[in-house]
Amino acid sequence: MLFGRTKKNPVVLPDKKVVEWKTVTCGYCSTGCSIDVGFNEAGEAVSCRGNAEADVNRGKLCLKGIFEFEIFRNAGRGTKVMERDHIRDQWRESTWDSALDRLYSEIRRIQKTYGRDAFAIISTGQMLTEEFYTLGKLTRGLIGTNNYDGNTTLCMASAVSGYKRSFGSDGPPGCYEDFEHTDYLIAWGSNMPEQHPVMYWRLKDAHERRGFPIVAVDPRVTMLAQNASLHLPIRPGTDVPLMNAMMHVIFAEGLEDKDYIEKNCTGLEALKEEVAKWTPDRASQITGIHPDTIVTVARAFARAKAAMQVWTMGINQSTHGSDGVVGINNLALITGNVGKPGGAPLSITGQCNAMGTREWGSTSGLPNFRFLENAQHRKEVAEFWGIDEDFLPRKRGLTQTDIYKAMEAGEIKGLWLIATNPLTSLPDSARVRRAMEQLEFCCVQDCYFDAESVQYAHVYLPGGTWAEKDGVMTNTERRVNRVKPIISPPGEAKPDLWIFNRVAERFNAERVKEQGKPPLTFPEKARDVFEEMRQLSRGRLADYSGMDHDLIEKHKGIQWPYTIEQRERGEAPPKGGVRLYTKPATFCHPDGKAKLIPLPWVDNNEHPDEDYPFWLNTGRLVEHWHGRTKTGKVANNNKFSPIPFIEINPDAARDLGVRHGEYVRLVSRRGDAIVMAIPTGRVPYDMVFLPFHFHNAANRLTLGLLDPHSRQPAYKQQACRIERIADQEHAARLCKDMRTF
Ligand SMILES: Nc1nc2c(c(=O)[nH]1)N[C@H]1C(S)=C(S)[C@@H](COP(=O)(O)OP(=O)(O)OC[C@H]3O[C@@H](n4cnc5c(=O)[nH]c(N)nc54)[C@H](O)[C@@H]3O)O[C@H]1N2
Ligand SMILES: Nc1nc2c(c(=O)[nH]1)N[C@H]1C(S)=C(S)[C@@H](COP(=O)(O)OP(=O)(O)OC[C@H]3O[C@@H](n4cnc5c(=O)[nH]c(N)nc54)[C@H](O)[C@@H]3O)O[C@H]1N2
Ligand code: SF4
Ligand SMILES: [Mo]
C-alpha cells in the first residue's frame with residue numbers, strides 16, 4: 001500500500017548537487033547539534049543536514065540549523081575594514097594595519113589619560129573557546145583593563161552566580177542523558193521547544209518512552225506548557241516564593257533526603273527557619289498558583305526516585321535571578337537530586353558557546369573558573385602566562401550592565417565591542433545610545449556591517465563567523481564540540497582569533513620595547529591555543545587534559561571532565577552521561593559541602609498600574625536569533641515573523657478595540673514602539689509578550705532592573721500600556737522602518 005501523496009502535488013526536494021559534506025557544530029543555540037554542511041562543485045555551501053552519528057542530535061536539526069549555510073554569504077556581511085574620525089562622518093575603506101594600529105593607540109591613549117580601567121572590552125557567548133581564551137589573555141595579561149565582560153551578563157550571569165553560591169563553582173552538573181532516567185521534570189521559565197528544539201526532541205523522545213510528568217512554570221502558555229503534564233502560570237517574578245513554599249511542604253511532611261543532606265550540605269537550620277514562613281497559602285497569594293497545586297508538585301517532586309529541574313531566562317532574567325537559581329539548587333539538594341542519573345539542577349545555556357566563555361573567557365575571573373579574588377589562582381595563571389602577578393586585579397571589575405552606566409557617567413571613554421550588539425540587546429536603548437555617544441573611541445568587531453552598534457563605531461573590524469573559524473565550543477551539557485573552517489570568511493574579513501593575535505602583537509611589541517620583558521605566547525593555530533588550555537585545566541573542575549582537537553572530532557564531542565589519567569588508562573571518552581558531584585561531599589566550597597541558602601523575598605518589580613496596565617514580557621521565537629543580523633536575512637527564517645509584534649490576550653484586545661493584525665503603540669515609562677497586535681490565548685489578560693529580535697522595539701521599553709548578585713537585567717518584568725493608532729498605513733510604515741531586511 002502506498003502512503004502519502006503519490007500523484008497530486010508531490011513534494012519534490014530540489015537537488016542541490018552536493019559533492020561534499022563537511023561536519024561542524026551549529027553556531028546558534030547551546031544545544032550543540034552536529035551539522036553536515038553540503039558543498040557543490042563550485043565550492044559553495046548549499047545545504048545543511050543533521051549528523052546522525054553525534055550523540056547530541058542524532059541526525060536532527062531545527063529550522064535555524066537547516067538554513068545556517070546561508071549565513072556565509074548573506075546580506076550585510078562585513079567584507080571590508082572601515083574607519084572614520086567621528087561617528088557622524090561617512091565611512092572610508094581602510095586596511096587591517098591602520099585600523100589595528102589605531103585600536104592599539106586609542107586603548108593606550110585613553111588608559112594613559114583617564115586610567116587603566118577607562119577602556120572597556122565587551123565580548124560575547126558566540127565565539128570559539130580558543131578565541132575567548134586568547135582575548136582573556138590579551139585583556140588580562142597585556143592590556144590590563146578590569147572593565148572586561150561579556151554579553152553573558154545578559155544571559156547566564158544569574159546561573160553562574162547561583163551555582164557559585166550553592167556549590168562553590170560554576171558548572172552545570174547534569175546532562176541530556178538525564179532525560180532518559182528522570183521520573184519528574186520541572187522546567188522553570190524555559191520554552192525549550194522553541195529555544196532549544198533539538199534538546200527538547202531528546203526530552204520528548206525520553207518522555208514518550210517512559211511517560212514521566214513534566215511541569216512547566218511560565219506565565220505564558222508556551223509550546224512547552226502546551227505539551228506539559230502540568231502548567232503553572234506563575235505571576236511574573238515570583239518563582240522564589242513558589243520554591244520556598246515547595247520546600248515548606250517538603251520539610252513539613254518529612255519528605256527531604258536526610259541522609260543526603262547530612263553528608264553533603266551545610267545551612268539546613270537557617271533554610272528551614274526561612275521556609276517555615278512560606279506556607280502554600282501565603283505563596284499562593286503572591287504567585288497566583290493554587291495552594292493545592294503547590295502541595296501536589298512539592299510532594300511528587302520529593303517522592304520521585306530521580307527528579308530534574310531545568311531553567312532558562314524566565315529565572316535568570318529577573319531581580320531574583322541568582323536567588324531563583326539558588327532556590328532550584330536548594331530544592332535539588334534537600335531531595336538528593338544532584339549528580340545522579342535523572343537528578344540534576346541543569347541550567348540551559350543560551351548561546352552556542354556561552355559555556356566556553358564561562359570556562360575560559362576570564363571575564364568574571366581567570367581561566368577555568370579561577371577567581372581573581374584568590375591569590376593562589378592569580379599566581380598560577382600569572383606564572384603560566386609569564387606576567388607579573390601584581391598586574392592582575394584582585395577583584396573583578398564592572399559587569400557589562402554597569403559598564404554602560406560608567407560610560408553614561410563619562411568614567412569609561414573607550415570601548416571595544418566584540419560579537420555583541422547592545423543597541424538591540426541591552427535594556428532601555430535610549431540610555432544605551434546616550435552612553436555610546438559619550439565615547440571618545442569605539443571599535444566594533446562584528447561579522448555583519450549592518451549590526452546596529454556599528455552606528456557608534458570609529459573603527460569597524462569584519463570578523464569571520466561560525467564555521468569560517470577553527471576551534472571548539474562547549475554546549476549546555478559541558479560537551480566540548482568541534483568547529484572547523486570549512487569556508488573562508490568573505491572579502492577581507494578575518495577569524496576573530498587572527499584579529500586578537502594581531503592586536504596582541506602590538507601590545508607584545510610595547511612590552512618588549514618599554515619593559516624589556518619577553519613577549520607572551522599567542523599561538524596562531526587554534527590547536528596550539530587548545531594545548532595551553534589543556535595544560536591550564538589539569539586538575540581543575542573543567543578538566544580538558546585528556547582531550548585534543550582530533551579526539552573531539554572523532555567522538556563528535558567530549559564532555560568534561562575528561563582527564564589525561566583517564567586517557568592514559570585507555571578509557572575512551574564517554575558517549576554521554578557525564579555528571580558532576582557524583583561522590584559525597586565533593587562540592588567546590590572548601591569543606592566539600594554544598595550550601596543551603598535561605599531566600600527571603602522582596603517584591604521590587606515594576607508592576608502594572610492604572611497608567612501602564614499590562615505586564616511587558618519579552619523573549620524569543622523559534623525562527624529568529626537575537627538581533628536577527630543572521631536570521632533576518634534567511635528567507636526561510638524571516639518569513640515567519642518579519643516585523644515586530646506582540647502576543648495579546650484576545651479578551652484584552654477586544655476590550656481595547658484592537659483587531660488581529662492591527663498596529664498599536666506600546667508605551668512604557670522608558671519609551672515606545674509600534675508593533676502589530678496578534679491576539680492569542682498564550683498570554684493572560686494583563687500581559688503582552690514582545691519578542692526582542694526586532695531592532696528598536698522591545699528594548700526601547702524595557703526597564704532592566706538588575707539582580708543584586710549577578711547584575712543581570714530583569715528583561716521579563718515591567719509595565720506598559722497599549723494605544724490604538726488611527727492611521728494604520730502610517731503605523732505600518734513606521735513599523736517597517738524598525739528594520740526589516
Ligand atoms: N530560536 C532561538 N533560540 C534561542 C535563542 C534565540 O534568539 N532564538 N537564543 C538563545 C539564548 S542566548 C538564550 S539565553 C535562550 C533563552 O531561552 P528561553 O529562556 O527558553 O527563552 P525566552 O523566550 O527568553 O524566555 C523563556 C520564558 O520565560 C518566561 N518567563 C517570563 N517571566 C517569567 C517569570 O517570572 N517566571 C518564569 N518561570 N518564567 C518567566 C517567558 O514567558 C518565556 O516563555 O535561548 C537560546 N536559543
Ligand atoms: N528584551 C530582551 N533583551 C534581551 C534578552 C531578552 O530575553 N529580552 N535576552 C538577552 C540575552 S539572553 C542575550 S544572550 C543577549 C544577546 O544579545 P547580543 O549579543 O547583542 O545578540 P546578537 O544579536 O546575537 O549579537 C551578536 C553580534 O555578534 C555578531 N556575531 C555573531 N557571530 C560572530 C562571530 O563569530 N564573530 C564576530 N566578530 N561577530 C559575530 C552578530 O552579527 C551580532 O551583531 O540579548 C539579551 N537581550
Ligand atoms: S537546536 Fe540549536 S544547535 Fe540544534 S540546530 Fe537548532 S539552533 Fe542549532
Ligand atoms: Mo542568552
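We count ligands from 1, going down the list as the structure has it; atoms in each ligand are counted the same way.
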Under the side chain to side chain donor-acceptor pair (under 3.5 Å) criterion, do Trp188 and Gln309 qualify, and how do the steps go?
CA-CA 7 Å; Trp188 301 91; Gln309 299 171 85; 3.0 Å; yes
Step-by-step side chain to side chain contact (heavy atoms under 4.5 Å, CB included) determination, Ile294 to Leu242
CA-CA 7 Å; Ile294 300 179; Leu242 177 59; 3.7 Å; yes
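For the pair Arg220 and Phe689, the cation-pi test (distance below 6.0 Å, angle within 45°) is passed.
Neither the backbone nor the side chain of Leu461 comes within 4.0 Å of ligand 2, counting heavy atoms alone. Both the backbone and the side chain of Ala419 come within 4.0 Å of ligand 2, judged by heavy-atom distances. When non-hydrogen atoms are compared, ligand 2 lies under 4.0 Å from the backbone of Thr465 as well as from its side chain.
Taking the six-membered ring wherever Trp is involved, the centroid distance between the rings of Trp625 and Phe67 does not fall below 6.0 Å. Side-chain rings of Phe692 and His626 approach one another, their centers coming within less than 6.0 Å. Ring-centre distance between Tyr28 and Trp466: not below the 6.0 Å cut-off.
Ligand 2 places these atoms under 4.0 Å from at least one heavy atom of Ala451: 44 (O). For ligand 2, the atoms sitting less than 4.0 Å from at least one non-hydrogen atom of Lys469 are 34 (C), 35 (O), 36 (N), numbered in the order shown with element in parentheses. In summary, the atoms of ligand 2 found under 4.0 Å from a heavy atom of Cys447, numbered by their order in the structure, are 29 (C), 30 (N), 31 (C), 32 (N), 33 (C), 37 (C), 38 (N), 39 (N), 40 (C), 42 (O). Against a heavy-atom cut-off of under 4.0 Å, Asp496 is close to the following atoms of ligand 2: 34 (C), 35 (O), 36 (N), 37 (C), 38 (N). Close approach of ligand 2 to Thr629 is summarised as follows: ligand atoms under 4.0 Å from at least one heavy atom of the residue are 41 (C), 42 (O), 43 (C), 44 (O).
Contact check for Pro236 versus Met687: side-chain heavy atoms found under the 4.5 Å cut-off.
For Ile418, the closest heavy-atom approach to ligand 2 does not fall below 4.0 Å. Using a 4.0 Å cutoff on heavy atoms, Asn699 counts as a contact of ligand 2. Contact annotation: Gly464 has at least one heavy atom less than 4.0 Å from an atom of ligand 2. Residue contact check for ligand 2: Thr124 places no non-hydrogen atom closer than 4.0 Å to it.
Closest heavy-atom contact between Pro684 and Pro219: CD-O, 3.6 Å. Across all non-hydrogen atoms, the minimal contact from Met192 to Val310 is CE-CG2, 4.0 Å.
Between Lys633 and Asp450, at least one side-chain N (NZ, or NE/NH1/NH2) sits under 4.0 Å from a carboxylate O, which counts as a salt bridge. A salt bridge links Glu468 and Arg77; the closest N-O separation between the charged side-chain nitrogens and carboxylate oxygens is under 4.0 Å.
Near ligand 1, residues Cys29, Lys64, Cys155, Gly189, Ser190, Asn191, Glu194, Gln195, His196, Val217, Asp218, Pro219, Arg220, Thr222, Ile234, Pro236, Gly237, Asp239, Thr312, Met313, Gly314, Gly350, Gln351, Asn617, Gly619, Arg620, Leu621, Val622, His624, Trp625, His626, His693, Lys716, Gln717 each place a heavy atom inside the 4.0 Å sphere around the ligand atoms.
Between Thr702 and ligand 2, a contact under 3.5 Å exists for no N or O pair.
Tyr448 and Asn74 are linked by a side-chain donor-acceptor pair at a separation below 3.5 angstrom, with hydrogens and angles left out of the test.
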